[in-house]
Amino acid sequence: MALLERPEKYFQFYAQVHFLTCEACLSHHGEIFEDPQAEPPLHPDCRCHLLEFPPSQLEYYQEQAERMKLRAQQELLRRKLWRQAVESLNGSDLSKAEELFRQAAQVEFYLEEVEQLCAEKRELLDKNPELRARLQKLFIRFYRMKFSLDKYRPIPSRLILAWETQGIERLKELLP
Ligand SMILES: [Zn+2]
């Protein structure tokens, strides 16, 4: 009986999961190939890469893949919640928007998206000091929470503190 041929190496697809990563790249995050079908870069500015590993580590990388796919799905959900939150700012029920922002921020929170929000809703924010105050308070809380996420654990606390201070300053500028 012939032995099943094992490939000499495998590849895992890595996308950088953040607010700018496109959905196509996110959909490959964690995928394992013998023979890569989707080989990055998939588009200009694509920051994905393939990591090569030996068959002896397949089990470990399969476990990683599960976690990575979950993270990619969470990022897509986060975007959807953030979008819904931004859209519901026009409504009368601010607590609904706050709840959606809170759910989104449990996955991640990005200053760049607050900047976008402020540009997009400038008119509404300009005439509504109470809304600015509530959002400022909420977002400062999220910005502090952000750095308790696992992925920031390897970063020196001195650096985190500097980021936190800068970020909070920026939020105060954006939502005076
Ligand atoms: Zn990519």
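Side-chain atoms are counted along with the backbone in the values below, which use heavy atoms only and exclude waters and symmetry mates. Remember, it's 1-based here, ligands and their atoms both numbered in the order they're listed.
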Side-chain donor/acceptor pairs under 3.5 Å, residues 55-71, sequence neighbours excluded:
from, atom 1, to, atom 2, distance (Å)
Q64, OE1, R67, NH2, 2.8

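Under 4.0 Å is where a charged nitrogen must lie from a carboxylate oxygen, and between R79 and E75 at least one such pair does. Using a cutoff of 4.0 Å between basic side-chain nitrogens and carboxylate oxygens, E98 and R102 are not scored as salt-bridged. Ion pairing of R170 with E173 is present here, as a side-chain N (NZ or NE/NH1/NH2) and a carboxylate O approach within less than 4.0 Å.
Here the side chains of E113 and W82 are in contact, with some heavy-atom distance below 4.5 Å.
For the Zn ion (ligand 1), protein N, O or S atoms under 2.8 Å: 3 in total.
Remark: side-chain polar atoms of R132 are paired, donor with acceptor, to backbone N or O of P176 under 3.5 angstrom.
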